J.: 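My structure is below; once you've seen it, I'll send some questions.
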Amino acid sequence: SAVWLAPDRAFSPIEPATLTAARARLQLPERFVLFTGTLEPRKNVAGLLRAYRQWRDRAGHAPSLILAGSRGWLFDETQSLIHQLNLQDNVRWIDSPPAADLVALYNAASLCVLPSHYEGFGLTVLEAMACGIPTLISDRGSLPEIAGGASLVVDPDNVDELAEALARLMDDEALRLDLRHKGFERVTEFSWDRCARETLAVYH
């Protein structure tokens, strides 16, 4: 029996003044791409970095990429790849941000990307949607089911496709607004009350 989880209620749009203060405190740029999660091979951070490098090469520029999460398996390889791709001035790692900072990061981001090879659920997508941020996800694991058509979907093994999707979602304001509205609608289908009811039904 599959029972959906839900994002914490703290993940929601925050007041402009609060967001401005958070940007200053965390030294966040006006526009940036956000990845959240453990930095490990399953999350396809390497593929994201290669796509981001390709995006910058094609466009001549791109907003910063912020990786927010804890060290995972083969973390050192991720750090090495950032240097190999000469992205050390464009990619920033925020180690295990506390919950309040994570909410601020979602709210401040231009888009959230989760190009994982596998996710058992994909709570990150719902957290971003609940904060009103457009999302870009892979077509693997549970992610398409959880997103429910409210995300831009790509093949995580296709670096070209991922690079093009990043550029498109950043540049297409109409698409961004459409995904923002769809995300708000989609996330209302997930709640801890529903999770509790459906879990209890399994026991019965």
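This structure is a prediction, so every number in the text was calculated from the model and none was measured.
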J.: Would you check if the side chain of R23 reaches a backbone N or O of A108 as a donor-acceptor pair within less than 3.5 Å?
T.: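 Side chain of R23 to backbone of A108, a donor-acceptor pair under 3.5 Å: yes, one is there.
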
J.: Run R168 and E164 through salt bridge (charged side-chain N to carboxylate O under 4.0 Å, His left out) and show every step you take.
T.: CA-CA 6 Å; R168 179 187 173 200; E164 290 172 4; over 6 Å; no

J.: Are E185 and K182 close enough for a salt bridge, meaning some N to O gap below 4.0 Å?
T.: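 Answer for the salt bridge query: no.
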
J.: How far apart are the closest heavy atoms of L179 and P134, and which atoms are they?
T.: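 L179 and P134 have their closest heavy atoms at CB-CB, 4.0 Å.
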
J.: Can you name the nearest heavy-atom pair linking C131 to R180, along with the distance?
T.: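 Of all heavy-atom pairs spanning C131 and R180, the closest is O-NH1, 4.4 Å.
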
J.: For the residue pair D160 and R58, establish whether any side-chain heavy-atom pair is separated by less than 4.5 Å.
T.: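 Answer yes - side chains close enough.
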
J.: Is the backbone of S110 close enough, under 3.5 Å, to the side chain of R176 for a donor and an acceptor to pair up by distance?
T.: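 Yes, because the side chain of R176 sits within donor-acceptor range (under 3.5 Å) of the backbone of S110.
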
J.: Should we count CZ of R25 as having more than 12 external heavy atoms under 6.0 Å?
T.: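 Yes - once you tally the heavy atoms of other residues, nucleotides and ligands closer than 6.0 Å, there are more than 12.
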
J.: Does the R186 side chain pair with the main chain of G149, one donor and one acceptor, at a distance under 3.5 Å?
T.: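 No, because the side chain of R186 does not come within donor-acceptor range (under 3.5 Å) of the backbone of G149.
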
J.: For S12, does its backbone N or O pair with a side-chain atom of N107 as donor and acceptor, under 3.5 Å?
T.: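 Yes, N107 side chain to S12 backbone: donor-acceptor pair under 3.5 Å.
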
J.: Going by the side-chain contact (heavy atoms from CB on, under 4.5 Å) test, name the single residue among L67, L169, L166 that passes it with V33.
T.: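 The passing option is L166.
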
J.: How far apart are the closest heavy atoms of T124 and C112, and which atoms are they?
T.: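 Distance-wise, the nearest heavy atoms are CG2-SG, 4.1 Å.
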
J.: Looking at I137 and A147, what are the two nearest heavy atoms and their distance?
T.: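 Of all heavy-atom pairs spanning I137 and A147, the closest is CD1-CB, 3.5 Å.
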
J.: May I ask you to check whether over 12 heavy atoms, not counting those of W192, lie within 6.0 Å of atom CH2?
T.: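 Yes, CH2 of W192 has more than 12 neighbouring heavy atoms, counting only those of other groups under 6.0 Å.
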
J.: Do the non-hydrogen side-chain atoms of F11 and L102 ever get within less than 4.5 Å of each other?
T.: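 In contact.
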
J.: Would you say Q54 and R50 are linked by a side-chain donor-acceptor pair, where the criterion is simply a distance under 3.5 Å?
T.: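 Not at all, the side chains of R50 and Q54 share no donor-acceptor pair under 3.5 Å.
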
J.: Among T36, L136, L143, which residue meets the side-chain contact (heavy atoms from CB on, under 4.5 Å) test with V125?
T.: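 Exactly one candidate clears the test, L143.
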
J.: Using modelled atom types and a 3.5 Å cut-off, is there a donor and acceptor pairing between side-chain atoms of R31 and backbone atoms of M170?
T.: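 Yes: the side chain of R31 pairs with the backbone of M170.
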
